[in-house]
Amino acid sequence: MSTLPSIFRKASIAILALSIFPLRAIAVRENPREGSSSSPLLPRSQISQGLGISPPSPSSLPSPSFPPSPPSPPTLPEFELEDSEFWENLCRTLSPQDNTLEAIAACQKAIAEDRKNPELWLVRSEALYELREYEQALASYDRVLEFNRDHSLALTRRCISLSRLGRYEEAIASCDRALEVDENWGEELPTLANLQRGLIFAWQGQLEDALNEYHQILLADPEHDLATVERCAVFLQLKYYQTVKQHCGNLKVLVGIYDRFLEGESDRVILWTHRGLLLDALGEDEAALSSYEKALKLAPEHSFLLTNYCATLNHLKRSADAMSACESALELSQRMDADAAFLWNQYARTLIGLGRYSEALEFLDRALRLNPNNQLQKFKLSRENTGILEKLWQRLYLEGLNNKAIALWYLNEAKQEARQSAETVPEQQSLLADARLHVSNAEDLLARVLKLDPDYIHGWFNQGKMLRSLATLPPFETTVPWEYRERLQKEREEKAVKYYERALSVPIRPVSRITCEMLVNGQVAAISPRDRRICTDILTNQGVSLFHLDRCSQALEPMERATRLNPDNFEVWHNGAIVLLCAARTDASYYPPALQAYQKTHRLNPEDIDVLLGWGLVLEGMKRYRDALAIYEKILEINPDRDDAKQGRDRMLDYLREPSF
């Protein structure tokens, strides 16, 4: 490699993947008013003259367009005392769903004459409920229950109204009563009460109780849409991914179920939140973010939402915004369980994105020190539910280890930068020793991650980076022969290539069976932005390792596959162009495609001098000396101090002065 220009000698990439599955752990127990007011890693890429990764592309699945939140309802009709049989008949006839205000007016006129008619009160209550006047609906249902304290439908509607008002304990008591008496349900079924109980339990973090409610509903009605999708949302919160894969089917279909319900009731904070969970599991970060934002407008001080919002912002590398969300969640959360572990993990990711690595390690250590056995005993769960929580803690622990490895890796980079500015050799050696220790510890952590989950894509990807980085730390130990160090570096680079190969063959997301190989081979039609990013990064890093092994012709395949996944990504095209130029050094047939690659790269970023330099080298290799001279002179117009461009210009002038034969 020493014979290549600096653009090759300096080419390197340091892209690491943080855990990208910020699904809820256990929801924080709070009572907001429901109806009221990389690479997937954090960005610190080290791109020197070429090989690197660009920012993520926008989501391919934007959040669907819903009608705006309903305006404040018109003033309700006054309660006039009139004696008319007409109003009673009209009250019984009008549908509250279709003629809300008319039904209220008719019922109130009829009730003025017959205040002890429970059927009239029930119709009025239903109309107020449809109008989302929950306070008045609640009072009206209470009047119904004065006549019949065992009216199951009135008790259930009362339960739902209380829930929308954030009065969850009263709501649960009302739904419990409705299920106990099981009497008057009208056109509804008892599953209506079970569903509301499940929603409240899920919102408050009582996930096992929520699962039990949804199970009861699906026993009675296996086709119940909302119970089906809510049960899957709870499985996602518990990180019970195998069950999601086995029983939840296509998550995009489930998102559509939420869309259908939210189109009619856009003030449902629980549904917006759980819709965000599903979109997050699909890797659709922008759409998930939009869903969480709609929920936060309804419940702005709920750590359940804020933590997930922070996690999604981390996916999108919006660290400053993520910091605000995670700090707000930290202020609200008083728990010391899986919720805290998940929150601390996300806060640490945000700190890494802001370059605050030592602080990130402190929070990660706090999360990793939490004892899951204590939590399992506290819940006193059944064997089945204990298994669910064990998987939850295992996933949280795995992601914490992975993120700690990333923080250590970036600390290594910081030590390397400090070493370059150190004034004495002893200082340089001390900083180098620290850097080696950080990378070595990170490598050990990733080995533990892969032991916990052999199919964890980020563990394989990051392990490849750790192997290579440890081998390429510049050694000061003069007693170690260069041949040994070179052999060690080659061995680690070879192993890194194999790790990247393994990363391409395991599922990209824990709820999916889709692999990067399937995406590249066109076996999957739709690709989420997050899936596209991680697969592109793995392929690019694999190509980089092959490049550093002087196996440029073999590096062409992963680079070509990366450009296929990201056809308009500047860094991907730049990487491919560099590898093509490298391959052309031994096989001139690669010069024309290298020229095309550099022209495409230049169109994507006309200001990049390194692209112009590579373009000039390609023209030089094709013996188009005048064209190459023009490129080198253009570089020097932009930056007169570029030595590589000066050398290229001088070479071209020498060539052009030679006589032609």
Side-chain angles (χ1 to χ4, degrees), residues 1-13 47-54 539-540 542-564 566-658 660:
M1 298 294 293
S2 60
T3 59
L4 296 176
S6 62
I7 190 173
F8 295 104
R9 294 199 303 273
K10 296 181 182 178
S12 65
I13 186 170
I47 302 168
S48 81
Q49 298 196 15
L51 298 170
I53 300 298
S54 73
L539 288 165
T540 304
Q542 186 182 45
V544 170
S545 285
L546 291 166
F547 171 87
H548 283 283
L549 287 167
D550 291 328
R551 290 158 55 182
C552 295
S553 59
Q554 294 180 39
L556 289 172
E557 181 182 1
M559 291 304 188
E560 187 276 331
R561 297 168 90 187
T563 55
R564 201 186 313 160
N566 256 320
D568 294 317
N569 184 288
F570 165 76
E571 296 296 347
V572 171
W573 273 100
H574 196 186
N575 293 335
I578 290 173
V579 171
L580 280 165
L581 177 52
C582 176
R585 297 290 180 178
T586 56
D587 185 346
S589 65
Y590 287 114
Y591 275 122
L595 179 61
Q596 294 176 359
Y598 271 109
Q599 289 170 336
K600 167 75 172 181
T601 309
H602 178 66
R603 287 196 296 272
L604 292 171
N605 188 355
E607 305 301 321
D608 194 287
I609 291 181
D610 291 323
V611 173
L612 290 173
L613 178 64
W615 191 351
L617 292 171
V618 171
L619 292 169
E620 184 177 344
M622 298 175 74
K623 299 183 180 180
R624 293 170 53 179
Y625 302 133
R626 292 190 183 279
D627 294 336
L629 177 61
I631 293 290
Y632 293 138
E633 288 178 340
K634 182 176 181 180
I635 293 173
L636 293 171
E637 288 176 6
I638 300 171
N639 184 356
D641 297 326
R642 284 294 295 243
D643 290 336
D644 41 17
K646 291 178 183 177
Q647 294 166 6
R649 178 194 59 190
D650 293 342
R651 287 196 305 272
M652 297 308 98
L653 291 173
D654 289 342
Y655 282 132
L656 292 171
R657 279 195 292 264
E658 292 179 0
S660 57

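Residue indices begin at 1 and follow the sequence shown.
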Could you check if a side-chain atom of [X] sits within less than 4.5 angstrom of a side-chain atom of [Y], using non-hydrogen atoms only?
X    : Y    : result
L546 : E557 : no
Y625 : L619 : no
D568 : K600 : yes
I578 : Y598 : yes
L617 : R585 : yes

Between N566 and A562, is there a donor-acceptor pair closer than 3.5 Å when you use the side chain of the first and the backbone of the second?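 Between the backbone of A562 and the side chain of N566 there is no qualifying donor-acceptor contact (under 3.5 Å).
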Nearest non-hydrogen partners of C552 and V579, listed with the distance: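 That closest heavy-atom pairing would be O-CG1, 3.4 Å.
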Which atom pair, heavy atoms only, marks the closest approach of A628 to G616?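 Shortest heavy-atom contact: CB-O, 3.7 Å.
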Do NZ/NE/NH1/NH2 and the carboxylate oxygens of D654 and R657 come within less than 4.0 Å?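 Counted as a salt bridge, because a side-chain N and a carboxylate O are separated by less than 4.0 Å.
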Got a salt bridge between D610 and R642, using NZ or NE/NH1/NH2 to carboxylate O under 4.0 Å?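 Salt bridge flag = yes for R642 with D610.
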For K623, is the NZ atom crowded, meaning more than 12 foreign heavy atoms sit under 6.0 Å from it?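 Result for NZ/K623: open.
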Rounded to the nearest 0.5 Å, what's the gap from [atom1] on [X] to [atom2] on [Y]? Could you check?
X    : Y    : atom1 : atom2 : answer
T540 : E571 : OG1   : CD    : 9.5 Å
D650 : L629 : CG    : CG    : 9.5 Å
I631 : E620 : CD1   : CD    : 12.0 Å
W573 : L604 : CH2   : CG    : 8.5 Å
E560 : T563 : CD    : OG1   : 5.0 Å
N605 : T601 : CG    : OG1   : 9.5 Å

Residue pair H574, D608: steps toward the side chain to side chain contact (heavy atoms under 4.5 Å, CB included) verdict: CA-CA 10 Å; H574 196 186; D608 194 287; 4.2 Å; yes
Anything under 3.5 Å between a donor and an acceptor, one on a side chain of residues 587-597, the other on a protein residue two or more places apart or in another chain? List them.
residue	atom	partner	partner atom	Å
D587	OD1	S589	N	3.1
D587	OD1	S589	OG	2.7
D587	OD2	S589	OG	3.3

Kindly determine whether M559 and L539 satisfy side chain to side chain contact (heavy atoms under 4.5 Å, CB included), including the steps that lead there. CA-CA 6 Å; M559 291 304 188; L539 288 165; over 6 Å; no
Check against side chain to side chain contact (heavy atoms under 4.5 Å, CB included), L613 and Y632: CA-CA 7 Å; L613 178 64; Y632 293 138; 3.9 Å; yes
